[in-house]
Amino acid sequence: MKVSVLVIALLSLVVLATARKQMATRYDNFKVYKAFIRDVEQLEEFKKIHHHIHIHMLHDIGGVNRSYEVVVGPAHQKAFETTLYYLDIEFEITIEDLQALLDESAYDPDAAMDWVTYHPLDKIYDWVDEQCAAHDYLDCKVIGHSYEGRPIKSVRLSKREGNKAILIEGNIHAMEWISSATVTYILNQLINSNDAELQRLTEEYDWIVVPMVNPDGFVYTHEVERLWRKNRRPNGYSNSSGLCYGIDMNRNFDFHWSGAGWGIEDPCDHWFNGEQPNTEIEILQLQDFVSSFDEGYIRAYMAFHAYGQYILLPYGHSNTEFPPNYDQMMRIAAAFAEGALDSYGSEFTYGASGLLNYPVSGAAKDWAYGVKNIPFTCTVELRDKGTFGFFLPSNQITEVGVEVTEGLKSLVVKAAEEGIFD
Ligand SMILES: [Zn+2]
């Protein structure tokens, strides 16, 4: 009797485990809507829609005169469209079937590391380990572990004593797969490309790369919900949706924290910035890692995100206050945009994020600039400008990598001219 109970228990565990593997949410016939918000009245009503219709906002709602994207399942599309008509909010459907688009991206967990496919965390980390083992000028460290215990890996490339460093971080937002794909592309170029100019830049500068700041969220986007943005720490309870998980880690850094933005207090929201700043283990370890280097060593800090093709400079919390060397950072950002344009004609817009976007605080680039005194910091919003948005097909990864590497080359040259590395 006892044995059969045990067998049944074990069998159900196996069934559960199998079910868990297959549980990744599908988005068959889910549409992506782009709604244009004209005025404050519309904005206030738009913010409330998710209280009564089950929708997934892809952006935090920060200001008027701009578009916001929303994912809506088949059961709720009619109600959503009716509501928009009622509120006189203009909209278009940008993606007719989200699952069909996701299926277009090559995703093969067994494929070797490349930049035409999106890869799971293990594949990315195995590749990082292989590079570290093969090149003695790479110093590879686990800078800490995520809430669920996954390593956060770093690679420091240094070929010469006394160099100054450029730090690149990726995928703090889980769903932005193009971020870690691009950051690993750049790292691969720095290590393995024959481009003479790029190799010169690896002799004269150190490069520090943290390809995956949010491993828990990233794994969750692969195994459960492709649209997940935050980390996975249980953070509270919401009457509307029960237990809540995760903090938007690029809203949790302690520089003018919570000084601007939507003021999201529901812990289930995708942009919940925490009860207070600096609460998340992943970003605390990233901060400790940055602080472990001598002051003045890291001279540029670049955080890679999607999407919109922007170089967002400090500050995020204000559109009236600007950093002391803002004009200089603008010239450096312009050099990136010029360099990136040549390959495929992709245009990058640059400027203070509070100005180009809307005031939002607690981002890594603002902390790196405002607290760590790194003289050039930015958020790079990669392709595209909204055609595929967060769901950029994998056949664009290499092109994004190429244009961003070209942008980076110009950026470093210009930053040197401007005395950033002195
Ligand atoms: Zn992001």
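Note that ligands are numbered from 1 as they come in the structure, with each ligand's atoms numbered from 1 the same way. These values consider heavy atoms only, across backbone and side chains, with no hydrogens, waters or symmetry-generated copies.
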Contact flag Glu176/the Zn ion (ligand 1), N/O/S atoms, threshold under 2.8 Å: yes
Trace of the salt bridge (charged side-chain N to carboxylate O under 4.0 Å, His left out) decision for Glu204 with Lys159: CA-CA 8 Å; Glu204 295 185 7; Lys159 295 181 178 173; over 6 Å; no
Closest approach to the Zn ion (ligand 1) by His305, given as the N, O or S atom name: ND1
Aromatic plane relationship, His317 with Phe255 - under 30° parallel, 30 to 60° tilted, over 60° perpendicular: perpendicular
Minimum-distance atom from the Zn ion (ligand 1) among N, O or S atoms of His173: ND1
Salt bridge present between Asp206 and Lys164 (N-O < 4.0 angstrom): no
Aromatic plane relationship, Tyr33 with Phe80 - under 30° parallel, 30 to 60° tilted, over 60° perpendicular: perpendicular
